Number of protein chains: 4
Amino acid sequence: MATNKYEEIARAAIQLFDEKGYHATSVQDIADAVGLQKGSLYHYIENKEELLLRIASQSINGFNHELEIIRNRKTPARDRLIQAIHHHFNIVTGDIQMTTVLLREAFLLSDEQHGIIKKATDRYLDLWVDIIKEGMDNQEFRSGDARLTALSILGSCNWVYRWYDEHGARTPQQIADYFCDLSLKGILA
Amino acid sequence: MATNKYEEIARAAIQLFDEKGYHATSVQDIADAVGLQKGSLYHYIENKEELLLRIASQSINGFNHELEIIRNRKTPARDRLIQAIHHHFNIVTGDIQMTTVLLREAFLLSDEQHGIIKKATDRYLDLWVDIIKEGMDNQEFRSGDARLTALSILGSCNWVYRWYDEHGARTPQQIADYFCDLSLKGILA
Amino acid sequence: MATNKYEEIARAAIQLFDEKGYHATSVQDIADAVGLQKGSLYHYIENKEELLLRIASQSINGFNHELEIIRNRKTPARDRLIQAIHHHFNIVTGDIQMTTVLLREAFLLSDEQHGIIKKATDRYLDLWVDIIKEGMDNQEFRSGDARLTALSILGSCNWVYRWYDEHGARTPQQIADYFCDLSLKGILA
Amino acid sequence: MATNKYEEIARAAIQLFDEKGYHATSVQDIADAVGLQKGSLYHYIENKEELLLRIASQSINGFNHELEIIRNRKTPARDRLIQAIHHHFNIVTGDIQMTTVLLREAFLLSDEQHGIIKKATDRYLDLWVDIIKEGMDNQEFRSGDARLTALSILGSCNWVYRWYDEHGARTPQQIADYFCDLSLKGILA
DNA sequence: CATGAATGAGTTTTCATTCAT
DNA sequence: AATGAATGAAAACTCATTCAT
């Protein structure tokens, strides 16, 4: 399944951190999941915390990478906002466990390591704000507080990790479309 | 300050669980915070998990109690939705630490105890759905998937616990107003 | 035997550190020796290293305390040197295990903690140097390098921890007398 | 530098055992120091303990070999004692790290292996005793307890490993001369 | 009500050694 | 000769909980 041992370990850790939380997952649990002895894990990871850091980093980098590209497109802000929402849904629903680790467990890192993640998630928010601000500036969007608007939309998109069910009736695409519509037009008749 | 010792303990626990997470907070930490010996805590709590359960229960009950009332009012759905958002903001910003414990730590409870919290939070969502569905039925709101709509609005309101800063420029009231406007009318010009 | 639990633990540790060395002695070994569980030890010590530090500190403080007094006496340097040698023998032979820990194991402490011991042992040497220098100045002793002389005499006295046998034929007093004679008059006929 | 790989490994081990002690030095540390993988070391050594044994053996054999020759010379005991002291200083100051390993770490060997070293160091003491006894018998030296005398002189010479500084003001030769003078004539004016 | 000693199971991590390649 | 993955035992330390006083 996994292309190499580290990936296998990280995948097991992601699943366990998602299910039980970082601290309730022992190194023994991870070792059991990949069929290694506890001690052998340390060929692949430096320690448990570094493993969490790598997982969280990989996750937020995935979010940032493409949003960076979307932000820079020369298309209407409205189109880019829709792309941003779809992109976000793709990542969250594509690996909901890893997203959960990022959003719920990363704060457990030591200040220094958490700072790395914090910086990257702040960057992610900034990209959303950029798009919205441009839309407000060119009057595609009603004027307002771009940051608050971004926090509102991003909040509803982030929350998805708490309720999305891959066996549910709707595809991620459909849900994302619905969320786009709500964000753009609101709920009033 | 605290009206009794249990309240004092719970308050210390809330603060510590918020800062460091449930598992990273030791019973010793809590004891230190209230100036008791570890052993003495057990006169007031049954065990650490029960303490978490009580905190989470108190929190979600606070959310549910008034929303129950709001839902039952005979006023337009639009008004009740606005009240729901304001109510939510009041509770989150009124005790952001307790909200954090509810939203981020409660899943660490054993299945049985987590079930209690899960049922109550599901109930909370249902109340939002009820209001929205009524608005859709009487054509105050555009027709759509009331549950998805509730998840979207509730998501953006829940996320507030991650970024709200009591020393920020805007009052909770102002932010809530802004969020109501966005939910109702969207961002398009 | 021991007047309190910490003393009991320290005594067990001294004996084990002497026999097997600090690193070859596990916390479990110490716990076994005093009939406690491993975890219970930590009511009395902060950690294993602090235990070593306390033992080494107690030991060197014992050496320094009385030599300080001897150095300050207004008696001939020769008398004080003899007292110093006797004092040293008393301490070494009175608790040869603790002396062994001080002389052989203290360097294993972290730099910071070892620094504390190093400073105190340097002080001890200085006291010997003081006495010898005064003897050289007032011509009780042949003139020479007081520090080298001190290192020579102290060296032969320290080495005692390696060979002294409490079941041997001579009492510490007798050995000390013999060493005094050698130091003062040499071996030549 | 090293003539072969084993020498290189032993040299690295000597340095590390001196700095950190035997148990605080991991096989990994030694491997790192010589630029090999941990596993590769085992082509050159049987195990860590055997490495310590070989180092300690080499060290004590160096001490014994020439003292054997000195003891057997047909020259006055006084001359041979002076040669013994100079010889000892040459070895200690010529490789103070190896001497440290011999004097401070060898006791960590298992009983059987430590026995080998113990026998050789006992032999070394015996050679000193022989010389001194001959000096006492032929009245070059004052009569007395030859073994105690040897322990006194050897002690001050051994202690050198604790304080000798190759960047110090005096050469090993000068220090040895000074120690010879003290041993022979004492410190009294 | 409060203490603090004691527990015992648990945690993460280290490490000397082996061995197939 | 060299590697590096794997082991398994052991290390120091933590912690929620109990209970006699």
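The sequence lines fix the lettering, A, B, ..., with proteins before strands; numbering per chain opens at 1. These figures come from a predicted structure and were not determined experimentally.
- Looking at which nucleotide of DNA chain E each of D/Tyr22 and A/Gln28 is closest to, the 5′-most match is held by A/Gln28.
- Nearer to the 5' terminus of DNA chain F, by closest-nucleotide assignment, is the contact made by C/Glu49 (compared with the other of B/Asn47 and C/Glu49).
- Taking atom NZ on B/Lys5 and atom C1' on E/dA2, their separation rounds to 10 Å, with Å as the unit.
- Put simply, CG on C/Leu51 is 14 Å from C1' on F/dC13, counting in whole angstrom units.
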Next on the checklist: Expected output check: what is the dot-bracket annotation of DNA chain E, where ( ) and [ ] are pairs inside the strand (brackets for crossing ones), | is paired with another strand, and pairs are Watson-Crick or G-U under 3.5 Å?
Outcome noted: .||||||||||||||||||||
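- When the side-chain nitrogen and oxygen atoms of A/Ser40 are compared with OP1 and OP2 of F/dA5, none of them lie within a distance under 4.0 Å.
- Inspection of the B/Tyr161 and B/Arg104 side chains reveals no N or O donor paired with an N or O acceptor under 3.5 Å.
- Taking CZ from C/Arg123 and CD1 from C/Ile60, the interatomic distance works out to 11.0 Å, rounded to the nearest 0.5 Å.
- Rounded to whole Å, atom C1' of E/dT17 lies 13 Å from atom CD1 of D/Ile30.
- With rounding to the nearest 0.5 angstrom, the CD atom of D/Gln28 is 8.5 Å from the CG atom of D/Leu41.
- To the nearest 0.5 Å, atoms CD (B/Gln97) and CG (B/Leu102) are separated by 14.0 Å.
- Regarding contacts with the backbone of E/dA5, every side-chain N or O of C/Tyr44 stays at 4.0 angstrom or more from both OP1 and OP2.
- Each of D/Ile45 and A/Ala24 has a nearest nucleotide on DNA chain E; the 5'-most of these lies closest to A/Ala24.
- Side-chain proximity of B/Lys48 to E/dT3, F/dT17, F/dA10: nearest is F/dT17.
- Between D/Gln37 and F/dG4, a side-chain N or O to OP1/OP2 separation shorter than 4.0 Å is present.
- Residues B/Asp95 and B/Arg11 are paired through a salt bridge, judged by an N-O separation under 4.0 Å between the basic side chain and the carboxylate.
- A/Asn4 has its CG atom 15 Å from the P atom of F/dG4, to the nearest Å.
- For D/Tyr42, counting side-chain heavy atoms from C-beta on, the closest listed nucleotide (F/dA16, E/dT18, E/dT12) is E/dT18.
- Residue order along DNA chain F, read from the 5' end via each residue's closest nucleotide, puts C/Thr25 first among C/Thr25 and B/Thr25.
- Here D/Ile14 contributes atom CD1 and D/Asp18 contributes atom CG; the two are 9.5 Å apart, rounded to the nearest 0.5 Å.
- Atom-to-atom, CG of B/Leu36 to P of F/dT17 comes out at 16 Å; the value is rounded to the nearest Å.
- Taking OH from A/Tyr44 and CZ from A/Arg54, the interatomic distance works out to 12.0 Å, rounded to the nearest 0.5 Å.
- In this model, a side-chain donor or acceptor of D/His43 finds a partner on the base of F/dA2 within 3.5 Å.
- Distance CD1 (A/Ile9) to C1' (F/dA6): 12 Å, rounded to an integer number of Å.
- Distance CD/D/Glu105 to CG/D/Leu109: 9.5 Å, rounded to 0.5 Å.
- Rounded to whole Å, atom P of E/dT11 lies 12 Å from atom NE2 of A/His23.
- Look at CG on A/Leu41: it is 17 Å from P on E/dC15, rounded to the nearest Å.
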